[in-house]
Amino acid sequence: MTLSHEPPADLGLDGLNPPQIEAVVHAHGPLIVFAGAGSGKTRVITYRIANLLATHRVPPYRILAVTFTNKAAQEMRDRLETIMGGGIARDLWVGTFHSMCVRLLRVHHELAGLGRNFVIYDTADQKAVMKRVLKELRIDEKRYPPQKVLARIGKEKQEARGPEDFEVNHYFDDVILRCFKAYERHLQAANAVDFSDLLLRVLRLAEDPECPAYDDLRSRFSHVLVDEFQDVNQVQYRLVRALAGEGDNICVVGDDDQCIYQWRGADIRNIRGFTRDFPNAKLVKLEQNYRSSGNIVSAALGVIRHSADRQPKELWTDNSDGSPVGIVHCSNERDEAAWVVDQLKRRIANGISPRDLAVFYRVHAQSRVLEDVMRHENVPYQIVGGQKFFDRSEVKDLLSYLRVLVNPQSDVDLFRIINVPARKIGKKTIDALLAMANENRCSAQESIVALCGTDRVGTAAKRALRSLDELLQELMVMAETAPPLEVAEAVLERTGYSAWLEKQDTAEADARVDNLRELLGSITEFEEEQADAGEIATLSDYLARISLISDVDTMQDVARVPMMTVHAAKGLEFDGVFITGMEERLFPLRGGDPGEEDQLEEERRLAYVAITRGRKELFITHTNMRMIYGQTRYNQPSRFLLELPHGTHQAMQTEALSQLPTPRAAWGKPRMDRFQTHGEFEAAAARQASLRPQGERYIETEGEAGFGGDDGDDMGETVVIRPGARVRHPKFGVGVVRAVNMGQDPVITVKFAGWAPKRIKLSFLSMA
DNA sequence: TTGCCACAAATTTTT
DNA sequence: TTTGTGGCAA
């Protein structure tokens, strides 16, 4: 069996391709491409650019191509370099929205109201700023958690609204507004921007005809191309429109079925907006999938078919059916991990490279068990994303030092390192410094000298502050001229950070030293890269670069099995894919509160994305019982599994599951005493869950609801819920049933210890 | 001021 | 399960 997974080899410049592809490559004027999964869209964009360069002689620096990740940008560069040669790719503007905006802001920083060495605050930094704001405004952190306030503000900024556009609707909105204003003020004072600002600041310049940079921004690019257009938000879309300027050489490529970032502000309506803004836009559909086997494509279609409100299109493939999609029933998450790892091992033993396989999960929390088993079985793997390297405390410490040196106004960074390593500057001193800075409306670092001129702190504190200040001043002078690596090394030495770690002499401290070494390595790498590009490596460029690396960017091209969340898998493809945890409540993921319908839709698209990553083989696992976040859950198989068309998949189960004791056990939670060992007990519990027929779990009786069928089928006895029965809820624990409301989705009133009686859907309850 | 301990809270996906 | 916070003693 051979599968043709590649688009026609001659794709590109000579007119021998399917007409749709030719259209994308050669079309003039605005163009919108609906590109189904695996239709080779990135490749098509690449060839369109190549065509612009080669046939139309467009200078490379006049072309802007926006990708979703830095990795995708790099790949596009590499491909173009392979096709064109001559180092032409170097002058192209290829990158993410964020990296492109950093570049533009470096040019126009003054007009944007920023110092040249502005720094980028990540979510942790934002939180630190917000905490300070709340403290300053004397707002209770409990009632207004920093995260929540930031989320609200973030939503506003995502829609290009500042404090002046803020509408006060709810009773707590005026607090939010006050925080919003103070937050913006603090960022400004710190010469810092958050992720949204990066885009927003450029947008403000590019949309303001009065702005001196207006013309430069709008005429800089003659051709603009955007990949993954379905995940573009309001601000990004307006940015694209502005940068395309008066011309209409704009090409956007996307797939509404793969929109998985609505929670981050992605707006499918932009697709409609595009056809409205560019009424003469040509529309091309790429519907042939070159990537996946027939069975995988059918499975994907089965899931996405149920999606509401999608653009009409038909994905199809010429590829042979391949092997059926394996739906693997496992007993618990350890069993699941063991099965997956065993399969990986077999394939690797058969000569498949680990890098051609991949394991996906819905949330990072699932990775730990998989990692344990991988390590135990000596299967080489890499976690893509997750606890990020740059989030480790020692790494953040060093970076904070560097950021303070580059930008002394960055208070968040100063406070992070002010007493690391310990230099006898404690809470009281810090509070005094904070108060001073707020009074004088200046940065904390500037306030050091001022504070030392008062008697608000003791002499010991003054001495500590002074010596820190002197140290920072010296290093700052150095940072102006010395290469980044030298500065970083000096910081570690002169601040005593290295000595401090070494003195600890614990395994943990050693690991930290290693991490710092790795960070120095990354600086070296950056320096070399810049040298190759003929540019001078500056600290602030380095800092900006690492603020913007995404999860997938950290994926190395090494012989290890990549493991990642489904989100991170977007845009990637593998010969063999294992999707784990396909269970209700996990995938689709359901949080605490009412599961919104459109959230389910996004989960569905996410499942579609996951499935379509596979080229030849796809396995989807689900368990009866899963320990996650320290709690055991008994989950049904995902509804998405039920939507797979017949004949495309094959049900399998792990050995542990097939060795279960007799399935006649009752449907309620089995009693421990009926089983000899805990293993059997678990297995029986698992078995019960698996036996519940989908969609008919609850049979209506008068005032009673059961966890099982009671209509005389042969599935075992029914456990009946009636007032007085004891039930268990994953969050509230064990409670007593007060009342039962029947219906399609029975609602039970339950009294839990310590809570007022709650009305809860039966599906959330299990037997106690 | 520092470091330790106990307790509480949260727990999606990310540029 | 992990992470953060707050209080307390040295």
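The model shown is predicted, which means the values in this text are computed figures rather than measured ones. Each chain gets a letter, A, B and so on, in the order its sequence line appears, and its residues count up from 1. Note that these values count all heavy atoms, side chains included, but never hydrogens, waters or copies made by symmetry.
Looking only at side-chain heavy atoms (C-beta outward), A/N191 and A/V119 stay at 4.5 Å or farther from each other.
In this structure, A/I425 reaches the sugar-phosphate backbone alone: every heavy-atom distance under 4.0 Å involves primed, P, OP1 or OP2 atoms, never a base. Nucleic acid contact class of A/Y261 (heavy atoms, under 4.0 Å, all strands): sugar-phosphate only. Note on A/D122: nothing from the nucleic acid sits closer than 4.0 angstrom, heavy atoms only.
Between A/T123 and B/dT14 there is no side-chain polar atom (N or O) within less than 4.0 angstrom of OP1 or OP2. In this model, the phosphate group of B/dT15 is not approached by any side-chain N or O of A/N233 to a distance below 4.0 Å at OP1 or OP2. A close approach under 4.0 Å does occur between a side-chain nitrogen or oxygen of A/T429 and OP1 or OP2 of B/dT1.
If A/S550 and A/E603 are placed on DNA chain B by their nearest nucleotide, the residue sitting closer to the 5' end is A/E603. Nearest-nucleotide positions on DNA chain B place A/N419 closer to the 5' end than the other of A/N419 and A/Q126.
Shown here are the side chain to side chain contact (heavy atoms under 4.5 Å, CB included) partners of A/V420, two or more places apart in sequence or in another chain: A/D397, A/Y497, A/W500. Partners of A/F221 according to the ring pair (Phe, Tyr, Trp, His ring centres under 6.0 Å) rule, which considers only residues two or more places apart in sequence or in another chain, are A/W93.
The aromatic ring of A/W263 is stacked on the base of B/dT13, with the two ring centres less than 5.5 Å apart and the planes inclined by under 30°.
Comparing B/dT15, B/dT2, B/dT12 against the side chain of A/A422 picks out B/dT2 as the nearest. Nearest to the side-chain atoms of A/H567 among the listed nucleotides B/dT15, B/dT12, B/dT14 stands B/dT14. Relative to the side chain of A/K428, the nucleotides B/dT15, B/dT12, B/dT1 differ in distance, and B/dT1 lies closest.
Atom P of nucleotide B/dT15 and atom CD of A/E228 are separated by 13 Å, given to the nearest angstrom. Rounded to a whole Å, the NZ atom of A/K570 is 16 Å from the C1' atom of B/dT12. Following rounding to the nearest Å, A/R633 (CZ) and B/dT11 (P) show an atom-to-atom distance of 13 Å. The interatomic distance linking A/H364 (NE2) with B/dT13 (P) rounds to 5 Å, in whole Å. Residue A/Q236 contributes atom CD, which lies 12 Å from atom C1' of B/dT14 at whole-angstrom precision.
By the 30° and 60° cut-offs, the orientation of the rings of A/F68 relative to A/Y261 is tilted.
Using a 3.5 Å distance cut-off with no hydrogens or angles, the side chains of A/Y381 and A/E371 do pair a donor with an acceptor. Using modelled atom types and a 3.5 Å distance limit, the side chains of A/S550 and A/D553 yield a donor-acceptor pair.
Under the 3.5 Å distance criterion, the side-chain polar atoms of A/R362 are left unmatched by any main-chain donor or acceptor of A/E603.
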B/S/- along nucleotides 2-10 of chain C (protein heavy atoms under 4.0 Å) is S--S-----
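Comparing B/dT13 with C/dG4, their P atoms are spaced 15 Å from each other, to the whole Å.
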